[in-house]
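Bear in mind the structure is a predicted one, so any value in this text is a computation, not a measurement. Atoms considered below: every heavy atom in the structure, side chains included; atoms not considered: hydrogens, waters and symmetry mates. Every number for a ligand or one of its atoms is a count from 1 in the order of the listing.
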Amino acid sequence: MSLQERDLKALWHPCSQMKDYESFPPIEITSAKGSLLHSSGGDIIDIISSWWCKSLGHGHPEILSSVKAQMDKFEHVILANTTNTLIVDLCEKILKACPSYDKVFFCDSGSDSVEVAMKMSLQYHLQTGNSNRKKFLSLQNGYHGETILTLAAGDCGLYGAPFASLMPQIDKIEELPYVNSESNDLETSWAKIEPFLDKNAKSLAGIVIEPILQGAGGMLIYDPKLLVRLEKWCNENGVHLIADEILTGMGRLGYARACEAVNVKPHFSVFSKGLTAGFSPLACVLTTDDIYEVFYDEYESGKAFMHSNTYCGNAIGAAAAVAAFKVYEEEKTFERVRQDSYLLDDSLKEVGEATGFLHNYRSMGFVAAADIKPEIVEGSDTKRLGYKVYQEAVKNGLLLRPLGNTIYLLPPLNTPKELITKSTSIIIDTMKSVLK
Ligand SMILES: Cc1ncc(COP(=O)(O)O)c(C=O)c1O
């Protein structure tokens, strides 16, 4: 039996219609290095950082050696009742990179860490005599993960729809000042948002946001100054601001926290993906001492935060994360992302100029996106344009994963310029052949 046949027989792939693999089998990866995936069919540029997490590419030597060295000591030990130098080093590194915070709480996955921040917020309000503060709001087009609570906080219908009956109601803040929309004016937008917030002010525990860039909702970028308004409103109304920095943090937008771009300090910030440079699952929630202290008391008070995940703070992830921070510091990665940001923006604009197929360009840090023009979509004889583009690009040596009709580039932060140039020409050829 071929690998593909064995795969189809035994494996249920994530976020996939399995039937698709019968006509277009999954790519067989044999090894990966830097921004390249080596496959049985040749090299493929990983322009999406393997679901947005491989911020320093595959097999980064410093991270590999840190992980290998840790494996010789121990790979995982329960984090309740124990400590170790590695995990404390990591906390200190994270807090140095995010100086507005005092405490780090570790989790296994991104979804889990967003839930942790929401649970902390709710319990905080309960323990400070505000049991009326039970509701959360989040942003239209947001994405926060795949657990029931994070699906409810998200606004990507496809992922949550079958589970709607289980999901708590989390209303969405609409009218965001998106950079590509006609209603991109912050004042007009805020004039509609503020009364909606005021209406909910007394019952709100927190507002969950992806700062500046909304990933799975379509790689949308909104005016960062909205964050300043939200922070001010939250502080004036005793509501927590919860920043999901899983995609945007750790350099993706050129800062440790995207909120840094506008000097906003949410009550909670949540990280995963780039935290370990995508080496292994690890996530964390950062918060401040004044929130932490509300949970600090005699055991009998019942005020402790009793959340646990088996692998939280696991040593493999921690070793990867400590090494990733070292590389970020030594190579000044975040600063370089800010300087080189134009590369991706230029790349998609070049595709647009060469093909005439794209519009709505947006970019920040090491992310750039654009949409296939509606007239091109309507004129096409294929319904799943994004999927067609993916198929053709893979054959040409590029791993794209369009979101509907949105094409985006989100490569490892240290991707060499030549590979971005090569990706640009592959996208041009791909789009010309798919969209003819
Ligand atoms: C903004 C954001 N939040 C949460 C998540 C969920 O993280 P995980 O897949 O690790 O659960 C993702 C994953 O893509 C994300 O982009």
query = Between E115 and K119, is the closest basic N to carboxylate O distance under 4.0 Å?
reply =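 No, K119 and E115 are not salt-bridged.
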ask   = Should the pair K199-E194 be classified as a salt bridge under the 4.0 Å nitrogen-to-oxygen rule?
value =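 No, this pair does not count.
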key: Under 4.0 Å to a heavy atom of E210 - the qualifying atoms of ligand 1, by number   =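 Near E210, meaning under 4.0 Å from one of its heavy atoms, ligand 1 has 1 (C).
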ask   = Which atoms of ligand 1 are found less than 4.0 Å from any heavy atom of G145?
value =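 Contacts of ligand 1 toward G145, numbered from 1: 4 (C), 6 (C).
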request  = Specify side chain, backbone, both or neither for H144, according to which of its non-hydrogen atoms lie closer than 4.0 Å to ligand 1.
outcome  =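 The backbone, only.
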task = Please determine if R338 forms a cation-pi arrangement with Y255, meaning its NZ or CZ atom is less than 6.0 Å from the six-membered ring centre and no more than 45° off the ring axis.
result =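 Yes, a cation-pi geometry holds between R338 and Y255.
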query = For Y292, is the NZ or CZ atom of K103 found under 6.0 angstrom from the centre of its six-membered ring and inside 45 degrees of the ring axis?
reply =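 Yes; both conditions hold, so K103 lies above the ring face of Y292.
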Evaluating non-hydrogen atoms only, which member of [options] is closest to [atom]?
| atom | options | answer |
| --- | --- | --- |
| atom 5 (C) of ligand 1 | W52, Y143, W51 | Y143 |
| atom 3 (N) of ligand 1 | I209, D244, V270 | D244 |
| atom 14 (O) of ligand 1 | Q214, E146, E245, K273 | K273 |

query = Do I246 and ligand 1 have an N or O pair less than 3.5 Å apart?
reply =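 No, since none of the N or O atoms of I246 sits under 3.5 Å from an N or O of ligand 1.
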message = Looking only at distances, can you tell me whether any N or O atom of S111, backbone or side chain, sits closer than 3.5 Å to an N or O atom of ligand 1?
response =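 So ligand 1 has an N or O lying under 3.5 Å from an N or O of S111.
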key: Any pair counted as salt bridge (charged side-chain N to carboxylate O under 4.0 Å, His left out), so long as it reaches residues 255-275, sequence neighbours left out   =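 Residue pairs with at least one partner in residues 255-275: there are none.
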ask   = Any chance the rings of Y143 and Y159 have centres within less than 6.0 Å?
value =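 Ring centroids of Y143 and Y159 are less than 6.0 Å from each other.
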Closest protein heavy atom (residue, atom, distance) for atom 10 (O) of ligand 1 =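 Closest protein heavy atom to atom 10 (O) of ligand 1: G110 N, 2.8 Å.
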ask   = Hey, does P211 have a side-chain heavy atom less than 4.5 Å from the side chain of E245?
value =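 Yes, side chains in contact.
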